[in-house]
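Predicted model only: the values in this text are computed from it and were never measured.
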Amino acid sequence: MDLALLRTFVTVHRAGSFTRAAALLGLSQPAVTSQIRTLERQLGRPLFLRQPRGVTPTTIGDELAHKAAPHLDALVEITETGLDEDSALRTLHLAGPPEFTAERALPALTELTGEDGRGFALRASFGTAEETLEGLGAGHHDLAIGTARPRGSLFTATPLCDEEHVLVAAPGYAQLIGPEDGGRDGHRPGAAELAGVPVIEVHETLPFVSRYWASVFDCRPTAPGTVIVPDLRAVLACAVAGAGLAVLPRYLCASALERGAVVALHEPPVPPLRTYFLVVRSGTLALPHIARAHDWLLRAAAGWS
């Protein structure tokens, strides 16, 4: 079987579209279509079902992809790094949400970038969960960090860590709302008491605040976003400056809480959590640099609080 046909097939399987696969391969769409038809004739079975938007693999197509992709990835690894152990460092392409990747993953992985014979070069990119998984499936990334376990067998996901969310604001807002004193009288501000406080968020849909309100107060927030900025580190800076309340990962605001720059407006008995996953294309953990980074992050996460 022609390896070039298999490479085109795996690219289409990952991209979910002849058009996207053609762009990734540097080929025309008719050339990709012709190669897939040739492979289907050789196998005597259809590999994809054509849809209005892209293609869906058949059962045979899925089976072939899961068998062939790891071996093709390994061949690409050999051609990129060479057979000489003294050749250039392998490159790990990491993708994930900007704040968690910058604050947690990258500091841990930089310890593996030395030239000790097992190190690798590191390239990172940030994006939404959808963008990250699409790039991973298309082969742009080797390892992705996400907050949802992907469906299907194209990816392998491993739980990395849980992230606790905290409702915070500058100290002045806590004084306006009333002191939290769960130890003496059980008082904790409710959704009604917090309704008049401006909201700082990463998106107009208020994803963090809405998730917190649903988990803790069993309702939706009523106040619209006052400050919308697409980075949790900027959200924290705005909260410290007194712009309003925010829901933030504890690891991101722990230092600000310790020095009193912000305070926790509410401490529920069971805080809302969000789980992060390490995601790879199925079979690629056979590649040493991906496996080492994967294992290293899991060990590092055991010490994150």
Side-chain angles (χ1 to χ4, degrees), residues 1-84 87-88 90-95 123 125 127-144 146 148-158 277-291 294:
M1 188 177 295
D2 190 337
L3 288 179
L5 297 182
L6 278 178
R7 178 170 177 260
T8 298
F9 161 72
V10 169
T11 304
V12 172
H13 187 274
R14 288 171 171 169
S17 160
F18 286 172
T19 302
R20 287 195 291 270
L24 292 170
L25 293 166
L27 300 173
S28 66
Q29 182 175 335
V32 170
T33 301
S34 176
Q35 289 188 24
I36 295 301
R37 286 175 176 169
T38 298
L39 186 58
E40 289 177 328
R41 284 196 300 270
Q42 290 180 1
L43 296 173
R45 304 287 292 274
L47 297 172
F48 296 103
L49 300 176
R50 279 64 171 176
Q51 306 289 347
R53 295 183 179 180
V55 294
T56 301
T58 62
T59 301
I60 297 298
D62 267 334
E63 291 178 0
L64 178 60
H66 298 149
K67 290 178 180 178
H71 301 290
L72 286 171
D73 288 335
L75 288 173
V76 170
E77 178 77 4
I78 291 172
T79 58
E80 286 180 350
T81 61
L83 298 175
D84 187 351
S87 61
R90 292 175 172 84
T91 299
L92 179 82
H93 295 271
L94 173 73
R123 301 290 184 270
S125 61
T128 65
E130 294 78 11
E131 292 168 343
T132 297
L133 283 182
E134 182 176 352
L136 180 65
H140 298 314
H141 316 310
D142 301 312
L143 182 62
R149 185 189 294 274
R151 297 179 179 179
S153 54
L154 176 59
F155 301 114
T156 299
T158 305
F277 295 89
L278 280 181
V279 188
V280 297
R281 294 188 302 278
S282 297
T284 58
L285 284 177
L287 302 177
H289 69 302
I290 298 179
H294 187 274

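- Closest approach of Ser17 to Val55, counting heavy atoms only: N-CG2, 4.0 Å.
- When all heavy atoms of Phe9 and Ile36 are compared, the pair lying nearest together is CA-CD1, 3.6 Å.
- In this structure, His294 contributes its side chain and Ile290 its backbone to no donor-acceptor pair below 3.5 Å.
- Nearest heavy atoms, His93 versus His140: CB-O, 3.6 Å.
- Nearest approach of Ala157 to Pro150, heavy atoms of both residues: CB-CD, 3.7 Å.
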Thr38 and Arg41: CA distance, side-chain angles, deciding distance, side chain to side chain donor-acceptor pair (under 3.5 Å) verdict
CA-CA 5 Å; Thr38 298; Arg41 284 196 300 270; 3.3 Å; yes
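- Here Phe155 contributes atom CZ and Leu136 contributes atom CG; the two are 5.0 Å apart, rounded to the nearest 0.5 Å.
- Side chain of Arg90 to main chain of His289: no donor-acceptor pair is present (N/O by atom type, distance under 3.5 Å, no hydrogens or angles).
- At least one side-chain heavy atom of Leu43 sits less than 4.5 Å from a side-chain heavy atom of Leu64.
- A distance of 10.0 Å separates NE2 in His141 from CZ in Arg281, rounded to the nearest 0.5 Å.
- With hydrogens and angles ignored, the 3.5 Å screen pairs no side-chain donor or acceptor of Ser34 with any backbone N or O of Pro30.
- The distance from atom CG of Leu5 to atom CZ of Arg37, rounded to the nearest 0.5 Å, is 14.0 Å.
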For Gln35 and Val12: C-alpha separation, side-chain torsions, deciding distance, then whether side chain to side chain contact (heavy atoms under 4.5 Å, CB included) applies.
CA-CA 11 Å; Gln35 289 188 24; Val12 172; over 6 Å; no
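- In this structure, Arg45 places its CZ atom where only 12 or fewer heavy-atom neighbours from other residues, nucleotides or ligands lie under 6.0 Å away.
- Side-chain N or O atoms of Glu40 include one that pairs as donor or acceptor with a backbone N or O of Leu47 at under 3.5 Å.
- Distance OG1/Thr8 to CG/Leu39: 9.0 Å, rounded to 0.5 Å.
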Just do the side chain to side chain contact (heavy atoms under 4.5 Å, CB included) check on His13 and Asp62 with the steps written out, would you?
CA-CA 8 Å; His13 187 274; Asp62 267 334; 2.7 Å; yes
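- The distance from atom CG of Leu92 to atom CZ of Arg123, rounded to the nearest 0.5 Å, is 10.5 Å.
- For Thr58 (side chain) and Pro46 (main-chain N/O), a donor-acceptor pair under 3.5 Å exists by modelled atom type.
- Remark: side-chain polar atoms of Arg14 are not paired, donor with acceptor, to backbone N or O of Gly135 under 3.5 angstrom.
- Looking at Thr284 and Thr156, their side chains never come closer than 4.5 Å, going by heavy atoms from C-beta outward.
- Surrounding CZ of Arg151 are at most 12 heavy atoms belonging to other residues, nucleotides or ligands under 6.0 Å away.
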